[in-house]
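Reading through the structure tokens given below for one structure.
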Amino acid sequence: MMTNKVVVNADIEKGIINKNIYGHFSEHLGRCIYEGFWVGEDSPIPNTNGIRNDVVAALKNIDIPVLRWPGGCFADEYHWKDGIGPRESRKRMVNTHWGGVVENNHFGTHEFMMLCDMLETEPYICGNVGSGTVQEMSEWVEYMTFDGESPMANWRQENGREKPWDLKYFGVGNENWGCGGNMRPEYYADLYRQYQTYVRNYGENKIYKIAGGANIDDYRWTEVLMREAHWLMDGLSLHYYTIPGDFWKGKGAALDPSEKEWFITMKRALHIDELITKHSTIMDKYDPEKRIGMIVDEWGTWFDVEPGTNPGFLYQQNTIRDALVAGVHFHIFHDHSDRVQMANIAQTVNVLQAMILTEGEKMILTPTYHVFEMFKVHQDATKLDIDVKSNTYELDGEELPSVSASASRDKAGKVNISLCNLNHKEETEVKIQLRGLQDRIEKISGRLLTASETNAHNTFDQPENVKPEALESFTVEGDELTVTLPAMAVAVVTIG
Ligand code: AHR
């Protein structure tokens, strides 16, 4: 067994890891909003004002900092006025993008804001540029945030909400290069400039405006948006999904990955580092002070849907492989925390790389959920300098690092080091030199998420197949901590 060498310099601080990196995304897609969150007040599933209690309790436990809604592609077809007022008279329509199912608009602005209150999370609303008007977007912001007499504020009050809501994050369209209008960057940049003008700050409410950014490695999109509109935006988005296969010809199954599929998944997860680096370099040209946040508001695994499920619902299982993908992304986001101010995994419940899966009244937590729970110690913590010399993980002549790691100090002074072993079949030893932590070295504990098969996942019959356990496999000598990570493992070691 080769040894990996890590040095943590606790005296060298590298800024704050924005808690919003641990953000989420929920779209009117498949069973995410309807069934995942919203079951209605008359449902036999225990709920509070229509929102299911089990899902809220589970999500509160991972401290969701921000929740993006209503899409995704749905956002550019969503007309917010259809989703307010008495529910029984709201428009029933077709969700044209996702499965052609009936959208009854029972979950609208008031319900979303209520959900955010229950979760104690910041709302992040994505407006409609693709098929909506400037007036519609402007009035939505007025409806939500104006405190005083105005047509929209009066209407909000008639609908039962006296005071405006606090709304910070607002996206001006989604994927405007694709489902959000198939635009060229030059055209969208002009529309962004126009639409954002009427996204007003009312009273004390200050909106953080997020421009629709690039897909994957479309660097020209970032260049044009920054050149034409950088002074008018607070954030610019980036979307990147980890797909082991081909998006159109077959993405690969969520379950039973071959060795090769596992390896490619890790390789493609690590690729986000290059994407962030290159998009950041372009942003640096126009914004060297890094005022504008990179907002990775869609990321995660995207596999073929589970056999027998609606192809438009994007329902997939979630295994230990997804847990590794999440861990690797977080470490990369931490490394870029001077530019990456928010990230939102797609999507919270029942869609793509979900935290939670439901089946009627049943609910299970996925391996990805457990990574969010273990890593919540990094939220708003001070990032510490770390040097990782990893040995290699090889398959068919290709090489990846087997270990990825990150360290931070929380507000109580505890240091948390998270570690991933990407290798699907070999355990690995990590020697961590703890510089500047001599006085705390006696107090070390750890947690581990691992599995013995690449396919390991939770089911409604066996909901606890994959869950965190205590990390026992470590020793300390002087200032050196040695951790043996099993194959396919995510761990968090706490010092102090
Ligand atoms: O998350 C699923 C879809 O992926 C979103 O609606 C869209 O923005 C992206 O293409």
Side-chain angles (χ1 to χ4, degrees), residues 24-37 55 58-59 68 71-74 95 97-99 101 179 239-258 260-269 272 297-329 343-360 362-372 424 449 451 453-463 465-467 488 490:
H24 291 257
F25 166 41
S26 290
E27 181 168 8
H28 287 237
L29 193 180
R31 296 183 298 115
C32 184
I33 293 296
Y34 297 106
E35 186 183 323
F37 285 112
V55 169
L59 292 176
R68 178 175 185 247
C73 295
F74 184 81
N95 187 333
H97 211 91
W98 300 117
V101 292
C179 64
H239 288 184
Y240 175 63
Y241 286 95
T242 299
I243 302 168
D246 178 279
F247 188 86
W248 300 109
K249 295 187 192 139
K251 301 175 185 74
L255 297 178
D256 293 317
S258 64
K260 185 82 185 162
E261 279 175 315
W262 176 284
F263 188 88
I264 291 175
T265 306
M266 296 305 128
K267 182 177 164 184
R268 294 191 179 169
I272 187 125
D297 54 19
E298 290 189 27
W299 68 271
T301 56
W302 194 330
F303 301 119
D304 296 331
V305 298
E306 287 307 307
T309 64
N310 186 328
F313 280 15
L314 309 188
Y315 176 75
Q316 64 191 40
Q317 249 298 356
N318 193 294
T319 69
I320 187 71
R321 181 166 49 142
D322 295 78
L324 265 304
V325 169
V328 160
H329 273 75
N344 310 73
I345 192 167
Q347 301 192 4
T348 325
V349 194
N350 290 331
V351 170
L352 299 177
Q353 190 175 350
M355 310 308 106
I356 290 175
L357 303 178
T358 67
E359 198 178 82
K362 294 191 218 149
M363 175 194 91
I364 54 173
L365 307 177
T366 65
T368 300
Y369 173 95
H370 292 305
V371 177
F372 272 79
H424 68 287
L449 187 74
E453 287 170 6
T454 53
N455 197 33
H457 62 282
N458 296 330
T459 65
F460 293 97
D461 294 330
Q462 293 182 308
N465 275 341
V466 187
K467 65 170 186 180
M488 307 181 282
V490 180

Legend entry - Note: E261-R321 ion pair, threshold 4.0 Å (strictly below):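 Salt bridge between E261 and R321, a charged N being under 4.0 Å from a carboxylate O: no.
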Inset, instruction - Taking atom types as modelled, find out whether D297 and H239 have a side-chain donor-acceptor pair closer than 3.5 angstrom. - result: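 The criterion, which ignores hydrogens and geometry beyond distance, is satisfied for H239 and D297.
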Inset, instruction - Indicate whether any N or O donor in one side chain lies under 3.5 Å from an N or O acceptor in the other, for T319 and N455. - result: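 No.
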Exam field: side chain [X] to backbone [Y], donor-acceptor pair closer than 3.5 Å:
{"X": "T366", "Y": "M355", "value": "yes"}
{"X": "Y369", "Y": "A58", "value": "yes"}
{"X": "N344", "Y": "F25", "value": "no"}

Inset, instruction - With side-chain hydrogen bond (donor to acceptor under 3.5 Å, both in side chains) as the test, would you mind laying out the steps for N458 and N465 before giving the verdict? - result: CA-CA 5 Å; N458 296 330; N465 275 341; 4.8 Å; no
Under 3.5 Å, side-chain donor or acceptor atoms of residues 27-34 against the rest of the protein: list the pairs with distances, not counting sequence neighbours.
| unit_1 | atom_1 | unit_2 | atom_2 | d |
| --- | --- | --- | --- | --- |
| E27 | OE1 | Q347 | NE2 | 2.9 |
| E27 | OE2 | C73 | N | 3.0 |
| E27 | OE2 | F74 | N | 2.9 |
| E27 | OE2 | W98 | NE1 | 2.9 |
| H28 | ND1 | E103 | OE1 | 2.9 |
| H28 | NE2 | W69 | NE1 | 3.0 |
| R31 | NH1 | E35 | OE2 | 2.8 |
| R31 | NH1 | T358 | O | 2.9 |
| Y34 | OH | E103 | OE2 | 2.5 |
| Y34 | OH | H106 | N | 3.4 |
| Y34 | OH | F107 | N | 3.2 |

Legend entry - Chi angles and distances behind the side chain to side chain contact (heavy atoms under 4.5 Å, CB included) call for T242, H329: CA-CA 10 Å; T242 299; H329 273 75; 3.5 Å; yes
Legend entry - Heavy-atom side-chain proximity of V349 to S26 below 4.5 angstrom: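 No, every pair of side-chain atoms sits at 4.5 Å or beyond.
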Inset, instruction - Would you check if W262 and I320 make a side-chain contact, meaning some heavy-atom pair closer than 4.5 Å? - result: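 Sidechains of I320 and W262: in contact.
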Legend entry - Criterion side chain to side chain contact (heavy atoms under 4.5 Å, CB included) against F37, the qualifying member of N350, T348, I356: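 Passing option: T348.
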Show me the donor-acceptor pairs, under 3.5 Å and distance only, between side chains in residues 299-308 and residues at least two apart or in other chains.
| unit_1 | atom_1 | unit_2 | atom_2 | d |
| --- | --- | --- | --- | --- |
| T301 | OG1 | Q316 | NE2 | 3.1 |
| T301 | OG1 | D322 | OD2 | 2.7 |
| D304 | OD1 | K251 | N | 2.9 |
| D304 | OD2 | G252 | N | 3.2 |
| E306 | OE2 | Q317 | N | 3.0 |

